[in-house]
Amino acid sequence: MRLAGGAPLPITFDVADPGDWLGLDAGVREVAWYRPQVLPRWKQSAPQPALAEHGESLLALALCHRDGRIRQNALRQSVRYPGLLPLVVVRCADWVGPVRELARQLLREALNVDSALDLAPLILRIGRRDRGAFGVDVLGNILRQASHEQLSVLFAAPDRIVRRFAYRLAIEGCLLRPAELASAATRDQDTVVQDLCATAALTALGDEGAYEDVLPPLLSARNPRVRSAGVTALRRAGRSEQAEPFLSDRSALVRACARYVVRQQGGDPAGWYRERCGAPDDPELQPGAVIGLAECGNRADAGLLRPLLVHPAAGVRAQAVAGLRALDCADAKQLRPLLDDPAAGVVRETAAALLPTAKELPADWLLERTSSERPRHVRVGAFQLLNARGGIVALRAAVRLFDDPDIKLRTWAAQSVQRWHPSPDGRRGDAEVGELLDRSQHLFSDHTLRRRKWEAGLPS
């Protein structure tokens, strides 16, 4: 361990990375148990060797020592080394009471806005531990004094927990304008930050707010939760008519919010959907309008969805299948040709719709579609249905896929064989079952393979 030789902290690990500090803490304790000769020998009264020359490096080791009395004495000396403040943060959640109380006292005295900004990621990570709440409380009290410009450093932090904490403080202190909050909701990748900022932006506006600065970014956000917040706010803003285009949004949540707003102004979402789905040749038909009809329509609307099974747009075909399934109007004979569809999404929806009637589908016809000459998505859909049938049909299909070019499909087939058991209505003593199990023997222990054969009525 280079620190034991006096190597400076910055060249030993990344002092800006909270994970490295936590790794140092855990690593020193491990070394103390298994390789104690590597560490300096401290007396419990005070860690002394070479402090004058290499004090910071040795104190860092002492602050992580497995002996609580050594950690406590190292804390007393750490006030001379601001670079060791991260380890003081770690010791604030120490399992030894006197060590913990001393570290908390030192943290209260040393922490200011600048150091709090630097230590926020580490403090918040320690905050997830038992006894870690103290540091988070101190951090919050300090950063409530920070300006918008100072907190903005944390808004761009890679750690989402840090960003959440910073935005909550900014919202609590009214440091961000509604337009800034809306922009943050649109820009941030974390759903918690998105919800937090979108809600705060709309709340800050009140009933007479400047919606023209807030609604456009919310309504154009990629995240559906942010868009749904914007759509719902259209009613309060007196712009309910703008919710209509969102009836065909790609997100079910946004569509539901749009239907609510349209209904509140006396509109008829179901009629809107029927009008659009009534033109099966319309190249501009949106997939969201198709599934939207199933979400608020009735079984009679299946007549509008069936012609869409041959629509030129793959998204429309897929949602037509999903809509028929949602209305419990999926006809196996009509949907079977779609298992050969060139679009993976259509085949995926078709397989899901046919699962309840998988045993009624021709086994040979499905098995033919697991051939390596077929597209991967067709092989996956066919095997999903064959696997749902169980019995020798499922076993035969799975063993056939052992040589499939796709590793995920091969793995799925192997797992299917390992979970396979004979069907109660299957023919006992079937020689083909024995042959298939023998070809799968690399997946079983000798005992398990004999057990499977015994279950199938075969000699083991």
Side-chain angles (χ1 to χ4, degrees), residues 18 89 92 107-108 111-129 132-239 242 246 251 253-254 257 260-261:
V89 171
C92 284
L107 184 65
R108 275 193 299 261
L111 205 61
N112 54 40
V113 171
D114 290 334
S115 58
L117 292 171
D118 293 335
L119 291 172
L122 177 60
I123 292 175
L124 292 172
R125 285 187 66 168
I126 295 295
R128 303 172 206 172
R129 297 181 175 182
F134 171 86
V136 178
D137 292 340
V138 173
L139 179 67
N141 291 334
I142 295 294
L143 290 184
R144 285 184 179 90
Q145 307 166 25
S147 65
H148 174 286
E149 291 72 21
Q150 289 172 315
L151 274 182
S152 64
V153 175
L154 301 184
F155 296 157
D159 189 339
R160 61 184 179 180
I161 303 299
V162 175
R163 300 199 305 276
R164 293 174 186 177
F165 187 81
Y167 276 115
R168 286 191 178 103
L169 288 178
I171 291 168
E172 178 187 322
C174 300
L175 299 179
L176 295 172
R177 299 190 307 274
E180 292 176 308
L181 289 166
S183 177
T186 304
R187 181 179 62 251
D188 203 281
Q189 299 299 309
D190 180 54
T191 55
V192 173
V193 172
Q194 292 165 357
D195 287 348
L196 189 69
C197 292
T199 302
L202 296 172
T203 302
L205 284 176
D207 294 327
E208 304 295 335
Y211 284 94
E212 62 274 5
D213 296 330
V214 173
L215 285 179
L218 296 183
L219 293 173
S220 61
R222 294 183 61 187
N223 182 270
R225 295 179 67 88
V226 178
R227 289 202 308 280
S228 66
V231 170
T232 305
L234 287 171
R235 178 171 175 261
R236 194 175 68 175
R239 306 179 184 183
Q242 295 182 18
F246 293 93
S251 164
L253 175 62
V254 177
C257 292
Y260 163 77
V261 174

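Just so it is clear, the values below take in all heavy atoms, side chains as well, and ignore hydrogens, waters and symmetry mates.
- I126 CD1 to F134 CZ: the interatomic distance, rounded to the nearest 0.5 Å, is 13.5 Å.
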side-chain contact (heavy atoms from CB on, under 4.5 Å) between L169 and F165, intermediate numbers included: CA-CA 6 Å; L169 288 178; F165 187 81; 3.4 Å; yes

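- Residues T186 and P217 come closest through the heavy atom pair OG1-O, 3.1 Å.
- Going from atom CD of E149 over to atom CG of L175 covers 9.0 Å, rounded to the nearest 0.5 Å.
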Return a table of donor-acceptor pairs under 3.5 angstrom between the side chains of residues 191-201 and protein atoms on other chains or two or more places apart.
from: Q194; atom 1: OE1; to: N223; atom 2: ND2; distance (Å): 2.8
from: Q194; atom 1: NE2; to: D188; atom 2: O; distance (Å): 2.7
from: D195; atom 1: OD1; to: R225; atom 2: NE; distance (Å): 3.1
from: D195; atom 1: OD2; to: R225; atom 2: NE; distance (Å): 2.7
from: D195; atom 1: OD2; to: R225; atom 2: NH2; distance (Å): 2.8
from: T199; atom 1: OG1; to: D195; atom 2: O; distance (Å): 2.8

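- Within a 6.0 Å radius of CZ in R164, more than 12 heavy atoms belonging to other residues, nucleotides or ligands are found.
- Here the shortest heavy-atom pairing between Q150 and S147 reads OE1-N, 2.9 Å.
- Between D159 and L124, every side-chain heavy-atom pair lies at or beyond the 4.5 Å cut-off.
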Criterion side-chain contact (heavy atoms from CB on, under 4.5 Å) on I123 and V138, from CA distance to verdict: CA-CA 9 Å; I123 292 175; V138 173; over 6 Å; no

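- Of all heavy-atom pairs between R128 and I161, the closest is NH2-CG1, 3.2 Å.
- A pairwise comparison of heavy atoms in P18 and R125 identifies CB-CD, 4.0 Å as the closest pair.
- A heavy-atom distance below 4.5 Å is not found between the side chains of Y260 and V231.
- Atoms CZ and CD, from R187 and E180 in turn, are 9.0 Å apart once rounded to the nearest 0.5 Å.
- By the 4.5 Å heavy-atom criterion applied to side chains, L119 and L139 are not counted as neighbours.
- Taking CZ from R129 and SG from C92, the interatomic distance works out to 11.5 Å, rounded to the nearest 0.5 Å.
- Annotation for L154 and R163: closest pair O-CG, 3.5 Å, computed over non-hydrogen atoms.
- N112 and S115 share a donor-acceptor pair across their side chains, judged by distance under 3.5 Å alone.
- Across all non-hydrogen atoms, the minimal contact from L215 to A233 is CD2-CB, 3.9 Å.
- Rounded to the nearest 0.5 Å, atoms SG (C174) and CG (L181) are 9.5 Å apart.
- Between the CG atom in L219 and the CZ atom in R227 there is a gap of 9.5 Å [rounded to 0.5 Å].
- Residues R236 and L202 have side chains in contact (heavy-atom distance under 4.5 Å, counting atoms from C-beta outward).
- Between H148 and F155, the two ring planes are perpendicular [angle over 60°; tilted spans 30° to 60°].
- Between the side chain of R144 and the backbone N or O of G140, at least one donor-acceptor pair lies under 3.5 Å.
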